[in-house]
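In this chain, residues are counted from 1 in sequence order. Counting starts at 1 for both ligands and their atoms, in listed order.
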Amino acid sequence: MDSPVGSPKRSSAAGGWGALKSCGKHLLGSRAPLSGARALMKANQPDGFDCPGCAWGDPEHGSSFEFCENGVKAVSWEATDKRTPPAFFARHTVSELRGWSDYALESEGRLTHPMRYDAASDRYLPVSWTDAFAEIGAELRALDDPDQAEFYTSGRASNEAAYLYQLFARAYGTNNFPDCSNMCHEASGVALTEAIGIGKGTVLLEDFERADAIFCVGQNPGTNHPRMLGDLRRAAERGARVVVLNPVRERGLERFADPQNTVEMLRGASRPIASHYLQPRPGGDMAAFRGIAKVVLARDAAAVAQGRPTLLDRAFVEHHTAGYAAYRAAVEATDWAQILDQSGLTRAEIETAADVYLGAERVIATWAMGVTQHRHSVATIREITNLLLLRGHIGRPGAGLCPVRGHSNVQGDRTVGINERPSAAFLDALERHFGFAMPRRHGHNVLAAIRAMRDGRSRAFIALGGNFLRATPDTPVVAAALAGCRLTVHIATKLNHAHLVPGHVGYILPCLGRTEIDRNAGGKLQIVTVEDSMSMVHGSGGINRPASPELRSEIAIIAGMAAATVGAARIDWAHLAEDYDRIRDLIEATVPGFSGYNARVRKPRGFMLRNLAAERVFATATGRANFSDAALPAETEHQSARGAADTFVLQTFRSHDQYNTTIYGLDDRYRGVYGERRVVFAHPDDLADLRARLGERVDIVGTHDDGTVRRAEDFRLVPFDMPRGSLAGYYPELNVLVPLSTFGAGSDTPTSKSVLVTLHAREAA
Ligand SMILES: Nc1nc2c(c(=O)[nH]1)N[C@H]1C(S)=C(S)[C@@H](COP(=O)(O)OP(=O)(O)OC[C@H]3O[C@@H](n4cnc5c(=O)[nH]c(N)nc54)[C@H](O)[C@@H]3O)O[C@H]1N2
Ligand SMILES: Nc1nc2c(c(=O)[nH]1)N[C@H]1C(S)=C(S)[C@@H](COP(=O)(O)OP(=O)(O)OC[C@H]3O[C@@H](n4cnc5c(=O)[nH]c(N)nc54)[C@H](O)[C@@H]3O)O[C@H]1N2
Ligand SMILES: [Mo]
């Protein structure tokens, strides 16, 4: 039987009853119906915890329960009553567990005890916290140079944990902070810092209530930021235009039934979201935005020539920007043939998008991984920014730039100092406050850390959460790099594959999750804080009983390792871990924007960090917002694929049932895939041809020529509404195909959305 093409039931919308049914299933399936349901009522509430799902902002009136199917999955996955205790590790060798799927490993439930790898029995054995800290400290002290240690952060860590972690690593002597954001929104941080002087977005949630046009580029909010759909939908209902750019037809962006709207749910009604759905070729967004700008500038020139008023915000361009003339020249020099070929859009589609842009008083542009994970991502984000600058769509209500962040606190972790290239000002502030010298050498990001471990230059790997093995490119290389380390330490809630390639000395240290109650020895409840995509900082306190009495908070674990490594003479780590208010006082003293921190985070919605760009103060070298006059890439991956026989450009994205490397289930409901993950989506015409030549199931082979053979085996072909010559499939399974040697210019982000591959018939078994 043929698989469904595109959305399985064209009429059915995203959200709706499917979402409700799925929530029930996940609550029951995680065996956490009670704690899970109780926890949900407290998600994103003033007195509850920040949802460990996405980084979308919380509504102003935090009293109404914001419903989100994938938030339910994130919460119930953590609040499960399944456990992975020492007895589990006694039953299974590490070699055996390496054969398990990501899904099977995490399905075992929460880790309960600190564990140390025992090479003789190839098992993890329980260990005391005291012994663990002592050995980790001794191992770190024994390295020749602190720069031989890597301190990885995953973006779920709270501000307090992240701050203490960077303080530990810097007191130890290194700036090696590979961070999940290196694989995520790094290009946004780099591009926006160059363009507007701050590596963050400039809009608030309220701005979505006032925008006339929203360009939603390269993201799939129906799955990855479901609460954003509510804001897009309300905007669409008011008559705002929502212009989607996505090579793939994502159902959540087409229609959405709000599960929080009882009337709608009973009527089975749903509302359209996108007013315009453009399907560029992969990597074609820079060309698409260049095309829109070309139309805008041509119309402006015509208007001015005819004596009509300019279409641009001349005052803004003149007083607040630099580089306009060079940009205008670059746009004029870009030829339409290249714009149309790279973008894959028609001239008419681009003209229509320009009409929407010109017809709007207030424009917001949002984007995520479809934009950031290409070679020319920084240039693409600069081009999106260029377009907004032309009519002054920054620093006024209802308008601005909105990179939609991934992990719930990835933005906050950066704010409080997780940065391999810290500013001199930040290091100066730390030195003034703590009275000792901070390391000044720039450290490693993710790719540099992998190379250093691979080549034996780095010998210790510490992870504050995450799954470094499965989230990174070239999985076998990273496995060998981790296993070759002298020391590996994973602070984690659940077992994953990164834990199964231990170094010579290997630890798993289990921690409290965000949903759990965290009390200090004196019984005082502790809260942590996080920053969302809109730079709002707010408190988060757990409500569930900890999964095991042995668990410690991330902060307590970092403090324990720090004391054992660098001693307590300069910093009293235990004292800080005793009361997180003390860590917040340190943040306030050393990071700008946090004055009155402890009082302000206890207000219902927290507080907004000052965002100068949103006030039209641009902290760039020119003191203005900078246009970029970059040329289009000489060739996009899609163009090079067409030049090579049988070659496709493959993107790796998320299914509806996963959170990054955490797999909640095997369905991808909005794309009509059930019970499997080894699928590869293709245009129906490409697929018919491939099927005729190769059969139902194929192997995927990377063609990037750097001497490494990359092969992912046994994927089922599924037809989908997407451009010819492109393919799509799920991360992390396809990370074996993503090369370490291709990355974004200026961002070093792996090119997870544009991998060159060929497809092959399955070799007869
Ligand atoms: N439930 C859930 N929520 C999550 C996550 C999760 O895994 N599950 N992950 C979190 C994290 S860390 C992040 S970073 C975000 C990720 O959020 P998204 O960026 O939405 O994640 P992806 O699934 O990678 O989807 C990328 C989208 O970009 C499109 N795309 C691919 N290539 C191109 C291109 O060249 N141009 C354009 N215009 N579009 C393209 C794809 O078709 C797809 O729709 O979500 C966060 N929230
Ligand atoms: N091919 C491809 N690769 C990608 C991407 C892609 O789109 N395509 N996306 C990239 C992106 S955007 C990102 S952000 C990265 C994600 O990379 P990571 O952040 O490293 O990966 P996660 O899957 O989010 O980490 C999951 C693990 O975190 C641990 N964990 C969960 N909750 C907690 C907690 O509260 N505390 C602690 N200490 N640990 C916890 C659990 O043990 C769980 O197994 O992957 C990147 N990799
Ligand atoms: Mo991310």
Side-chain angles (χ1 to χ4, degrees), residues 52-56 68-71 73-74 77-78 102 105-106 111 152-158 161 179-185 216-226 244-250 253 278-285 288 367-374 380 404-408 410 446 463-473 490-499 508-515 554 557 636 638 649 651-662 664 722 726 728 730-735 737-738 749-750 752-755:
C54 73
W56 191 245
C68 157
E69 176 195 356
N70 279 347
K73 292 180 195 165
W77 197 248
E78 182 175 297
D102 303 279
L105 289 177
E106 285 210 31
L111 295 160
Y152 177 65
T153 313
S154 170
R156 204 173 274 193
S158 63
D179 181 26
C180 73
S181 71
N182 299 143
M183 300 174 267
C184 184
H185 264 295
C216 180
V217 194
Q219 61 172 137
N220 181 23
T223 287
N224 297 315
H225 307 91
V244 169
L245 280 92
N246 196 316
V248 171
R249 279 236 163 218
E250 302 284 22
L253 286 165
L278 306 181
Q279 290 178 272
R281 291 183 172 139
D285 304 276
W367 68 91
M369 297 305 102
V371 172
T372 62
Q373 294 176 335
H374 298 282
T380 301
V404 184
R405 298 284 163 176
H407 266 301
S408 51
V410 63
V446 163
L464 179 54
N467 186 344
F468 195 79
L469 176 61
R470 301 287 285 162
T472 49
H490 297 276
I491 304 173
T493 51
K494 289 201 171 180
L495 184 63
N496 68 45
H497 275 286
H499 311 157
I508 305 173
L509 304 179
C511 65
L512 293 172
R514 220 182 257 175
T515 55
E554 290 176 340
I557 296 170
T636 61
H638 192 272
V649 49
Q651 66 145 318
T652 58
F653 57 16
R654 293 153 172 80
S655 82
H656 195 59
D657 269 3
Q658 80 182 77
Y659 193 94
N660 298 340
T661 69
T662 294
Y664 302 127
M722 59 197 284
S726 70
Y730 304 130
Y731 132 76
E733 287 84 348
L734 290 173
N735 261 340
L737 297 170
V738 182
T749 300
S752 311
K753 293 292 186 277
S754 48
V755 184

Show which atoms of ligand 1 fall inside a sub-4.0 Å distance from at least one heavy-atom site of [X].
X: T223; result: 1 (N), 2 (C), 3 (N)
X: V248; result: 42 (O)
X: D285; result: 34 (C), 35 (O), 36 (N), 37 (C), 38 (N)
X: P282; result: 35 (O)

Could you see which bit of H225 sits under 4.0 Å from ligand 1, with heavy atoms only: side chain, backbone, both or neither? side chain
Within reach of ligand 1, part of N70 (heavy-atom separation under 4.0 Å): side chain
Going by distance only, is there an N or O of E250 that falls short of 3.5 Å from an N or O of ligand 1? yes
Does an N or O anywhere in G283 fall below 3.5 Å from an N or O of ligand 1? yes
K494 vs L105 side-chain heavy atoms within contact, under 4.5 Å: no
H374 near ligand 1, heavy-atom distance under 4.0 Å? yes
Could you work out, with side chain to side chain contact (heavy atoms under 4.5 Å, CB included) as the rule, every residue matching A74, not counting sequence neighbours? P52, Y664
Kindly say whether the aromatic ring centers of H407 and Y659 come within a distance under 6.0 Å. yes
Any donor-acceptor pair under 3.5 Å linking the side-chain atoms of D657 with those of S655? no
N/O pairs closer than 3.5 Å, ligand 2 and protein:
from, atom 1, to, atom 2, distance (Å)
ligand 2, 1 (N), T652, OG1, 2.9
ligand 2, 1 (N), N735, OD1, 2.5
ligand 2, 3 (N), N735, OD1, 3.4
ligand 2, 3 (N), N735, ND2, 3.4
ligand 2, 7 (O), Q373, OE1, 3.2
ligand 2, 7 (O), Q373, NE2, 3.4
ligand 2, 7 (O), R654, NH1, 3.1
ligand 2, 7 (O), K753, NZ, 3.1
ligand 2, 8 (N), T652, OG1, 3.0
ligand 2, 9 (N), Q373, NE2, 3.4
ligand 2, 9 (N), R654, NH2, 3.1
ligand 2, 19 (O), S154, OG, 2.7
ligand 2, 19 (O), H407, NE2, 2.8
ligand 2, 20 (O), Y152, OH, 2.6
ligand 2, 20 (O), N467, N, 2.9
ligand 2, 23 (O), T661, N, 2.8
ligand 2, 23 (O), T661, OG1, 2.6
ligand 2, 24 (O), H407, NE2, 2.9
ligand 2, 24 (O), N660, ND2, 3.1
ligand 2, 28 (O), G466, N, 3.1
ligand 2, 30 (N), T493, OG1, 3.3
ligand 2, 32 (N), R156, NH1, 3.0
ligand 2, 32 (N), T493, OG1, 3.4
ligand 2, 36 (N), E554, OE2, 2.6
ligand 2, 38 (N), I491, O, 3.1
ligand 2, 38 (N), E554, OE2, 2.8
ligand 2, 42 (O), K494, N, 3.3
ligand 2, 42 (O), K494, O, 2.8
ligand 2, 44 (O), E106, OE2, 2.7
ligand 2, 44 (O), N496, ND2, 2.8
ligand 2, 45 (O), Y731, OH, 2.7
ligand 2, 47 (N), A471, O, 2.7

For the pair W367 and H185, name the ring-plane relationship: parallel under 30°, tilted 30 to 60°, perpendicular over 60°. perpendicular
Hits for side-chain hydrogen bond (donor to acceptor under 3.5 Å, both in side chains) against S158, two or more places apart or cross-chain, chain-then-number order -> none
Sequence neighbours excluded, which residues qualify as ring-ring contact (aromatic ring centres under 6.0 Å, His included) partners of H225? none
When rounded to the nearest 0.5 angstrom, what distance separates CG in N220 from CG in N246? 7.0 Å
I need the minimum non-hydrogen distance between V248 and F653, along with the two atoms involved. CG2-CE2, 4.5 Å
